[in-house]
Amino acid sequence: MLERLFLPIALLFSLAALLEPDWFIWGRPAIPYLLGVIMFGMGLTLEVRDFVEVWKRRGLVALGVLAQYTVMPVVALLTSA
């Protein structure tokens, strides 16, 4: 049930944080640790076949990495100017 309701809950909390940021300031120091927990949990869901699939599509992965470190920073600079 939580999986089905995750998106509406996330949107609700995002809207609340946008409208009332003071409600969420207390959690700011924990953000790096919480992100680490989330990434660790996601890593635990990976299986060998996931890595095989990445290897099969390594060209697309390389393109994504290239975009991540070249195109996206340029777009960020252009939108912030």
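Computed from heavy atoms alone, side chains included, the values below leave out hydrogens, waters and symmetry copies. One-based numbering along the sequence shown.
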R58 (side chain) donor-acceptor with W55 (main chain) under 3.5 angstrom: yes
Nearest heavy atoms of P73 and A67, plus distance in Å: CD-O, 4.2 Å
E20 vs W23, side-chain contact (heavy atoms from CB on, under 4.5 Å): CA-CA, chis, key distance, verdict: CA-CA 6 Å; E20 292 292 336; W23 292 353; 3.5 Å; yes
pair L11-L15: side-chain heavy atoms closer than 4.5 Å: no
Exceeds 12 heavy-atom contacts within 6.0 angstrom, atom CZ of F13: no
Point-to-point distance, once rounded to the nearest 0.5 Å, from OG of S14 to CD1 of I9: 11.5 Å
Note: R49-E53 ion pair, threshold 4.0 Å (strictly below): no
Between CG on residue L18 and CZ on residue F24, distance to nearest 0.5 Å: 10.5 Å
Name of the residue among V71, L77, L78 meeting side chain to side chain contact (heavy atoms under 4.5 Å, CB included) with V74: L78
Shortest non-hydrogen contact from V54 toward V61: CG1-CG2, 3.8 Å
